[in-house]
Amino acid sequence: MTDTPILSRRGLWALLLAFAVVWFGTLEYRKLIKPDEGRYAEIAREMALSGDFVTPRLNGIKYFEKPALQYWVTAAAFKAFGEDEWTARIWPGITGFLSVLLAFFTTRRLFGSRAALLAASTLAGCLFMVIIGHLNTLDMGLSFFLQLALSGVLLANRDGAAPAERRRWMLVVWAALAGAMLSKGLVALVLCGATLVGYSLLARDASPWRRLELLRGIPLFLLLAVPWFVAVSLANPEFFHFFFIHEHFERFLTKAHGRYQPPWYFLAVLLVGTLPWTLMMLQAWFGAWFRERTGGFQPQRLLVVWALVILAFFSASSSKLPSYILPMAPALAMLTGVWLCRAGRGTLLAHIGIIIAVALAAFYFAPHITDRADAETPHAMMSAYAEWARVAAGVLLAGAVGGWLLVWRRRQGGGLLLLAVAGYLALSIVMQGHEKLGRSNSAHHIATEVMPLLSPGVPFYSVNMYEQTLPFYLQRTLTLVDYRDELGFGLDQEPQLWVPTIAEFRERWLAGGDAFAVMTPDTYESLAGGLPMDVVARDTRRVIVRRPGFGPAPANAH
C-alpha cells in the first residue's frame, strides 16, 4: 500500500482552514427546528437562566431523559456568547469537527498519511456527519466520545507503542467513556464492552484485556462521571429509577416510546447515511476482516467488530431513531481510507461512475420534491427547497465527473479528494436549503410576530400540543394544557405546572385578564365557537391567540 501524500503540508492546512470556515460558518444559517433542536436549546437556556446545573428542566418541568454534559456546554455558551442558533449548535459542531480530525490522526498513526486524508475526507463528506454535526442533538457528542475511546484502544494496542504511551492512551479511553456516559448514559459502556469481547473471541486476541489500566482507569472514570449522577439523585430521588431503569432497560426492551422499527431498519439508514460513499464504505467494511491476517493486535478487525456491534445492538432495540448508528461512521471511514489506498483504478472508476449516475438521477428528480407538499409544508416552500437540492446535485455531479477524470488519468488521490470536497459541499447545500422549510419546521418566525405583544407574567398556554422551538424563541416557558407526552414524568412530580383538561383551561381563559395560547389549526377550529379569541399570529402548523380586549385587534383576527 503506497503512502505517497496527496497534498503538501501547506495544502493540508489550507484544506483544513477551508473546511473549518464552511463547517462552523453554516451553523447559524438555519433556524432551530423541532423537535430535538428546540428541546435541547431550551433545556440549556433554562439552565443558564436559573443557574441550576444539577436538575435539567424543559419548559420549567423536570426532564431526566438524558445526562447533562451537552446542556452544561450549551448553557455556558449562551452565557458567554448569547442565545442564538450558532451557540445552540456549538457542541455538535465542535465534536463533529473534532471527530473528523481524530479520524485523520488515528488513521495516520495506524495506516499512514494517505489513508488518513482519505478517511477524514470520506467522514467529513458523508451525510451522517454533515447533518448530525449541524443539528442540536446529543448524538454527535456521544459519537465523538465513543470514537475517542475507540481511538484510544487502537493506539494503546498498536504495534510499537511504548508502555508509557499505552498507559496514556488507556487513560484517555476511560476519560472518553466518562464523557460518553455524561452524554447519553450506560450505552457507552455496553457498546465498548461488547466490542472488546467480540473482537477477542473472533480475532482470538486477548491482548487488549491486559492493557486496560483498571487500577488507574476506573477511579478516573468514576471521578469524572459519577458526581453529577449522585448530585441529581440527591436533589431528585425519583431520578435514579426513571433514568437507569425506564430510560435504559424499558426503552431498549419495550415499545413504550413509540419508536419501534423493523430489525432491518438500520440497514436502510446505513445505506442513506453514508452517501455518497455508501458502496465504497460497505466494500471496505466487508473486506477488512480478511485483509489483516497477521498475528498480534489487528486494528482493522477491531474496527469491523465495532461497526457490527453498533448495528446489531441498536437493531435489536425496540426504540430506534436514525442517528443512533452514527458511531459507526468514523470506524467505516477509517476502513474506507485504507481500502481506497489499495483499490485499483478500474474499481475506483466503477464506484465513481455509480456516484455520477446517482447525482444525475438526483438532479433530474429534484424538482419532484414538490410532490411531497401538503397543508403544513405547502408547494411554495417545497419548490424553494427543490432549487437548493438541484444545485446540490449539480455540485456533486460536477465533482464526481471531475474526480472520475482524474482517476482515469491515474491521479487517484486528487480524484478522490475532489469527490470528497464536492460531496461535502453538496450535502452542506442540501442542509442549508432546509431553511426554506423553516416556517413549517420552526417557531422562530411566528414567535417574532408575537414577541412585541408579550408582557412579563402574562399566562401563555400550549393547548393539546407542545411546540419544542417556541419557548426558546419566546424566551419563556408555556403552561401545557391537556398534553403530557415526554413531559409526563416531570408533570407527575410537579402537577401544579400544567392544566390537565380543556375544561379547566376554558375556565381560566374566561376568568379574565390578558393571556395567550398556542394550538394547532384543528384545535383552534374546535374551540373558536365557544371561546373568545383573537388570532395574533398563525402559520401552517400553529395558531397563536390572545384574549380579546388587550391591545388592538389584529388584522388577521377571525
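- No donor-acceptor pair under 3.5 Å is formed between the side chain of Asn136 and the backbone N or O of Asp36.
- When the salt bridge (charged side-chain N to carboxylate O under 4.0 Å, His left out) test is applied to Asp485, no partner is found at least two apart in sequence or on another chain.
- Among residue pairs with one or both ends in residues 273-282, those qualifying as side chain to side chain donor-acceptor pair (under 3.5 Å) are Thr274-Thr278; sequence neighbours excluded.
- Among all heavy-atom pairs drawn from Ala537 and Val450, the shortest one is CB-CG2, 3.8 Å.
- Checked against side chain to side chain donor-acceptor pair (under 3.5 Å), Asn59 has no partners two or more places apart in sequence or in another chain.
- In this structure, the side chain of Lys184 does not engage the main chain of Met181 through any donor-acceptor pair within 3.5 Å.
- Applying the side chain to side chain donor-acceptor pair (under 3.5 Å) test to pairs two or more places apart or on separate chains, none has a residue in residues 429-438.
- Contact between Val395 and Ala426 at its shortest, heavy atoms only, is CG1-N, 4.2 Å.
- Applying the ring pair (Phe, Tyr, Trp, His ring centres under 6.0 Å) rule to Phe363 yields no partners; only residues at least two apart in sequence or on another chain are considered.
- Leu32 and Ala41 get closest at one heavy-atom pair: CD1-CB, 3.6 Å.
- Salt-bridge annotation for Asp514 and Arg546: present, with a side-chain N of the basic residue lying under 4.0 Å from a carboxylate O of the acidic one.
- Between Val358 and Pro276 there is no side-chain heavy-atom pair separated by less than 4.5 Å.
- Judged purely by distance below 3.5 Å, without hydrogens or angles, the side chains of Gln493 and Asn236 never pair a donor atom with an acceptor atom.
- Between the Arg542 side chain and the Met519 main chain, no donor and acceptor come within less than 3.5 Å of each other.
- The aromatic ring centres of Trp91 and Phe78 sit 6.0 Å or more apart.
- Side chain of Trp306 to backbone of Pro327: a donor-acceptor contact under 3.5 angstrom is found.
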Stepwise side chain to side chain contact (heavy atoms under 4.5 Å, CB included) check, Met451 with Leu474: CA-CA 6 Å; Met451 280 288 284; Leu474 289 179; 4.0 Å; yes
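- Partner of Ser99 under the side-chain contact (heavy atoms from CB on, under 4.5 Å) criterion, chosen from Ile94, Leu123, Leu326: Leu123.
- Applying the salt bridge (charged side-chain N to carboxylate O under 4.0 Å, His left out) test to every pair with at least one member in residues 368-389, sequence neighbours left out, gives these pairs: Glu376-Arg541.
- For Thr523, the side chain to side chain donor-acceptor pair (under 3.5 Å) partners are Thr520, not counting sequence neighbours.
- In this structure, the separation between CD on Gln468 and CD1 on Ile43 is 8.0 Å, given to the nearest 0.5 Å.
- Here Phe242 contributes atom CZ and Phe489 contributes atom CZ; the two are 6.0 Å apart, rounded to the nearest 0.5 Å.
- Side-chain polar atoms of Ser440 and Thr377 form a donor-acceptor pair below 3.5 angstrom.
- Summarising the geometry, atom OG belonging to Ser442 is positioned 11.5 Å from atom CG belonging to Leu437; distances are rounded to the nearest 0.5 Å.
- When all heavy atoms of Gly433 and Tyr385 are compared, the closest pair comes out as O-CD1, 3.1 Å.
- Residues Phe516 and Phe460 bring their aromatic ring centres within 6.0 Å.
- By the salt bridge (charged side-chain N to carboxylate O under 4.0 Å, His left out) test, Arg89 pairs with Glu37, sequence neighbours left out.
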So Leu480 and Leu487, side chain to side chain contact (heavy atoms under 4.5 Å, CB included) or not? Walk me through it. CA-CA 10 Å; Leu480 296 182; Leu487 295 169; 3.5 Å; yes
Let me see the working for Phe314 and Tyr265 under ring-ring contact (aromatic ring centres under 6.0 Å, His included), right down to the final yes or no. CA-CA 10 Å; Phe314 287 112; Tyr265 173 74; over 10 Å; no
Between side-chain atoms of residues 501-510 and protein atoms elsewhere (two or more places apart, or another chain), which donor-acceptor pairs fall under 3.5 Å?
unit_1 : atom_1 : unit_2 : atom_2 : d
Thr501 : OG1    : Glu504 : N      : 3.1
Glu504 : OE2    : Arg508 : NH2    : 3.2
Trp509 : NE1    : Pro532 : O      : 2.8

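- Between the CE atom of Met129 and the NE2 atom of His134 there is a distance of 9.5 Å, given to the nearest 0.5 Å.
- Applying the side chain to side chain donor-acceptor pair (under 3.5 Å) criterion to Tyr466, with sequence neighbours excluded, gives no partner residue.
- The distance from the OG1 atom of Thr137 to the CG atom of Leu321 is 10.0 Å, given to the nearest 0.5 Å.
- In this structure, Tyr29 and Met431 have side chains that are not in contact, with every pair of non-hydrogen atoms separated by 4.5 Å or more.
- The backbone N or O of Phe472 lies less than 3.5 Å from a partner atom in the side chain of Gln475, making a donor-acceptor pair.
- A donor-acceptor pair shorter than 3.5 Å can be found between the side chains of Tyr63 and Glu65.
- The CD atom of Glu85 sits 13.0 Å away from atom CD1 of Ile90, with the distance rounded to the nearest 0.5 Å.
- Contact detail for Ala515 and Tyr461: the closest heavy-atom pair is CB-CE1, 4.2 Å.
- Between Phe313 and Tyr324, the gap from one ring centroid to the other reaches at least 6.0 Å.
- Residues passing the salt bridge (charged side-chain N to carboxylate O under 4.0 Å, His left out) test with Asp84, sequence neighbours excluded: none.
- Contacts classified as salt bridge (charged side-chain N to carboxylate O under 4.0 Å, His left out) and involving residues 40-62 (residues at least two apart or in different chains) are given here: Glu42-Arg45, Arg57-Glu494, Lys62-Glu238.
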If you apply the rule side chain to side chain contact (heavy atoms under 4.5 Å, CB included), what do you find for Met280 with Ile355, and how did you get there? CA-CA 10 Å; Met280 296 186 197; Ile355 295 175; 4.1 Å; yes
Take Ile132 and Leu127 through the side chain to side chain contact (heavy atoms under 4.5 Å, CB included) test and state the conclusion after the steps. CA-CA 8 Å; Ile132 303 177; Leu127 186 144; over 6 Å; no
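- Across every non-hydrogen atom of Asp534 and Gly549, the tightest pair is OD2-N, 4.4 Å.
- At least one side-chain heavy atom of Ile33 sits under 4.5 Å from a side-chain heavy atom of Leu135.
- A donor-acceptor contact shorter than 3.5 Å links the side chain of Thr87 to the backbone of Gly82.
- Of the listed residues (Phe239, Tyr71, Phe53), just one forms a ring pair (Phe, Tyr, Trp, His ring centres under 6.0 Å) with Trp228, and that residue is Phe239.
- Here the side chains of Met328 and Leu311 are in contact, with some heavy-atom distance below 4.5 Å.
- Heavy-atom contacts from other residues, nucleotides or ligands closer than 6.0 Å to CH2 of Trp86 number 12 or fewer.
- Looking only at distances, a side-chain donor or acceptor of Thr74 sits under 3.5 Å from a matching main-chain atom of Gln70.
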